[in-house]
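Keep in mind that this is a model prediction, so the values were computed, not measured. Order of the sequence lines fixes the chain letters, A, B, ..., with proteins taken first and strands second; residue numbering starts at 1 for each chain.
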Amino acid sequence: MLSRIHSRNRAQLVIGLLTGIAFGFLLQKGGATRYHVIIGQLLLTDFTVVKIMLSAVITGMIGVHLLKSLGLAQLHPKPGSWGSSVIGGLAFGVGFGTLGYCPGTVAGAAGQGSLDALFGGVVGILLGAGLFAAIYPKIQRPILDKGDFGDLTLPRMLKVDPWKVVVPVAAVFILLLVILEKAGL
Amino acid sequence: MEWLRMESWSPYAVGIGIGILSWISFVISDKPLGCSTAFARTAGMLERLLRGKKVDEKPYYRKFTPAIDWEWMLVLGVVIGAFISARLSGEFRLEWVPALWQAEVGQTPVTRWIVALLGGVIMGAGARWAGGCTSGHGISGMLQLAVSSWLAATSFFVGGIITAMVIFKVLL
């Protein structure tokens, strides 16, 4: 039954829009669409972004693995390599610190009226994505494929049952959040 | 419904909400939440307007067809959802220069615009280089325990913290 819903393309466009509306609403209410909140996180003075991300990962991780165990969901881990995940990730970080929004929150910031996000951030990300498409054939083999590990997950890497990773990760993240609160951050 | 008009919610309520939203999208749409692929598809669609059909032949756009899909609609939804949230709390306002930037750098919109544009270009290329962003890798990938996402998300913050520290503590 679920696969029938998944293949209904037109309905999925509407579902995508509704999911996005909920996502944008939450991001804005959380303050993650604000420049000073993101920069505050990167300057390690405001931990709102980390609190949102860790609680989303804890909730999502437990739920999605439960749904997978029940046969209601499939995982789609992204493939990666040292050359793509780490070099690309660091470059992303340089942009993150310079712009003060990320690709999701820049859309939310545009929605709340931040014109630097709309005319600077969104336009810049489109240019950067287009630039990447242009250089992609040149960097694919020498850089992106370096240290390729495919769509590996931590449980498969450690050769253990996923729950043996889910439970400790959730525990460590909860502990981190408790420490942040105790430290008054 | 007073809570819908509140200026901000607890980050934990927001995070749990996003986590539940990811359950829904995995079950109903068979997709993890993510945002940056939509930017690549849009870049391809704009390029096609300028340069015609041959754009579709580019290896990258053969992998990510320049077309409107679930994720593209999701990003459009984010704009609308944030607009609704900001309107309900009375926080919606057109603003060229964020307050923190105004205090640290100045109120000239063009300076902020150039830096935002430059940051956007680097981030747009970096997101596609890493194959995802703060939502696709940072939330959806980490919750799936994907090795690529744990590495990428760590790199996002290492790069971001160093850059923000250099800009705000060294340059300014």
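- In the hydrophobic clustering of ILVMFWY residues, with side-chain heavy atoms under 4.5 Å counting as a link, B/V79 and B/W70 come out apart.
- Between chain A and the options B/A82, B/A43, B/A40, the largest number of non-hydrogen pairs under 4.5 Å is found for B/A82.
- Ion pairing between a basic and an acidic side chain is recognised when a charged N comes within 4.0 Å of a carboxylate O; B/D69 and B/R41 show such pairing.
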Please report the C-alpha distance between A/S85 and A/F149 in whole Å, then the side-chain angles of each, then the deciding distance to 0.1 Å, and finally whether the side chain to side chain contact (heavy atoms under 4.5 Å, CB included) criterion is met. CA-CA 10 Å; A/S85 310; A/F149 46 75; 4.0 Å; yes
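- Remark: the A/E181 side chain and the B/Y12 side chain contain an N/O donor-acceptor pair separated by less than 3.5 Å.
- Neither the backbone nor the side chain of A/D151 comes within contact range of chain B; no heavy atom of the residue lies under 4.5 Å from a heavy atom of that chain.
- Taking CD1 of B/I68 as the start and CG of A/N9 as the end, the distance is 13.0 Å to the nearest 0.5 Å.
- Using a 30° and 60° split on the angle between ring planes, B/F168 and A/Y35 fall in the tilted class, from 30° to 60°.
- Side-chain contact of A/S84 with B/W129: a donor-acceptor pair under 3.5 Å is absent, judged by distance alone.
- When heavy atoms are compared at a cutoff of 4.5 Å, A/F23 approaches chain B by way of both its backbone and its side chain.
- Note on A/Y136: it does not cluster hydrophobically with B/V121, by side-chain heavy-atom contacts below 4.5 Å among ILVMFWY residues.
- Defined by atom type and a distance below 3.5 Å, a donor-acceptor pair is missing between the side-chain atoms of A/K78 and B/S148.
- Side-chain heavy atoms closer than 4.5 Å link hydrophobic residues (I, L, V, M, F, W, Y) into clusters, and following such links, even through other members, never connects A/I135 to B/M123.
- In this structure a side-chain-to-backbone donor-acceptor pair under 3.5 Å is present from B/H137 to B/A130.
- Atoms CD and OG1, on B/E71 and A/T19 in that order, are 11.5 Å from each other to the nearest 0.5 Å.
- Among the residues in residues 110-118 of chain B, those with a non-hydrogen atom closer than 4.5 angstrom to a non-hydrogen atom of chain A are B/R112, B/W113, B/V115, B/A116, B/L117.
- Chosen from B/C133, B/G138, B/P32, B/S22, the residue pairing most often with chain A at heavy-atom distances under 4.5 Å is B/C133.
- Taking the six-membered ring for Trp and the full ring otherwise, the centers of B/W9 and A/F25 sit less than 6.0 Å from each other.
- Counting non-hydrogen atoms of other residues, nucleotides and ligands closer than 6.0 Å to CZ of A/R4 gives a total of 12 or fewer.
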Test side chain to side chain contact (heavy atoms under 4.5 Å, CB included) applied to A/F132 and A/I139, step by step: CA-CA 9 Å; A/F132 180 78; A/I139 61 168; 3.5 Å; yes
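- With chain A as partner, the option from B/W72, B/F64, B/F83 having the largest number of non-hydrogen pairs under 4.5 angstrom is B/F83.
- Of the listed residues B/C35, B/A125, B/S140, the one with more heavy-atom pairs under 4.5 angstrom with chain A than any other is B/A125.
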Using the rule given for side chain to side chain contact (heavy atoms under 4.5 Å, CB included), can you reason through B/E91 versus B/E7, listing the C-alpha separation, both sets of side-chain angles and the distance that settles it, and then say yes or no? CA-CA 7 Å; B/E91 284 286 293; B/E7 193 185 312; 3.5 Å; yes
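- Contact count versus chain B (heavy atoms, under 4.5 Å) is highest, among A/I143, A/I38, A/V50, for A/I143.
- Side chains of A/D116 and A/Y101: a donor-acceptor N/O pair is present below 3.5 angstrom, by distance only.
- By number of non-hydrogen pairs under 4.5 angstrom with chain B, the leading residue of A/M157, A/H36, A/M53, A/Q140 is A/M53.
- For an aromatic pair to be called close, the ring centres must be under 6.0 Å apart, and A/F119 with B/W96 satisfies this.
- Between chain A and the options B/P98, B/S135, B/S10, B/A152, heavy-atom pairs under 4.5 Å are most frequent for B/P98.
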Does A/H65 form a side chain to side chain contact (heavy atoms under 4.5 Å, CB included) with B/L145? I'd like the steps, not just the answer. CA-CA 10 Å; A/H65 281 86; B/L145 301 170; 3.9 Å; yes
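- Using a 4.5 Å cut-off between heavy atoms, A/L26 contacts chain B through both its backbone and its side chain.
- Only the side chain of B/W150 comes within less than 4.5 Å of a heavy atom of chain A; its backbone N, CA, C and O stay farther away.
- Note: A/L43 leads A/V166, A/I62, A/L43 in heavy-atom pairs under 4.5 Å with chain B.
- Highest contact tally toward chain B, considering only A/G63, A/G30, A/A73, is held by A/G63 [criterion: heavy-atom pairs under 4.5 Å].
- Ranking A/G80, A/C102, A/S81, A/G31 against chain B, the residue ahead of the rest is A/C102, based on heavy-atom pairs under 4.5 Å.
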Walk me through it: do A/S114 and B/E95 pass the test side-chain hydrogen bond (donor to acceptor under 3.5 Å, both in side chains)? CA-CA 5 Å; A/S114 305; B/E95 179 186 86; 4.6 Å; no
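- Of all heavy-atom pairs spanning A/I52 and A/A32, the tightest one is CD1-CB, 4.2 Å.
- Both the backbone and the side chain of B/I20 come within contact range of chain A, with heavy atoms under 4.5 Å apart.
- Residue B/I162: no heavy atom, backbone or side chain, is found under 4.5 Å from chain A.
- Remark: the backbone N or O of B/E57 is paired with a side-chain donor or acceptor of B/R62 at under 3.5 angstrom.
- Of the atoms belonging to A/L13, heavy atoms from both backbone and side chain fall under 4.5 Å from chain B.
- For A/V169, the part lying near chain B is the side chain, with the backbone staying farther off; criterion is any non-hydrogen pair under 4.5 Å.
- Residues of residues 87-100 of chain A that come within less than 4.5 angstrom of chain B, heavy atom to heavy atom, are A/I87, A/G88, A/G89, A/L90, A/A91, A/F92, A/G93, A/V94, A/G95, A/F96, A/G97, A/T98, A/L99 in numerical order.
- For B/S8, the parts lying near chain A are the backbone and the side chain together; criterion is any non-hydrogen pair under 4.5 Å.
- For a residue to count as touching a neighbouring chain, one of its non-hydrogen atoms must lie under 4.5 Å from one of that chain's; by this rule B/L4 touches chain A with backbone and side chain alike.
- Interface residue A/L152: backbone and side-chain heavy atoms are both found under 4.5 Å from chain B.
- Note on A/R34, A/R8, A/K68, A/R156: by heavy-atom pairs under 4.5 Å with chain B, the leading option is A/R34.
- Highest contact tally toward chain A, considering only B/G19, B/S155, B/G126, B/G119, is held by B/S155 [criterion: heavy-atom pairs under 4.5 Å].
- Residue B/Y61 touches chain A through its side chain alone, counting heavy-atom pairs closer than 4.5 Å.
- For A/A11, no part lies under 4.5 angstrom from a heavy atom of chain B.
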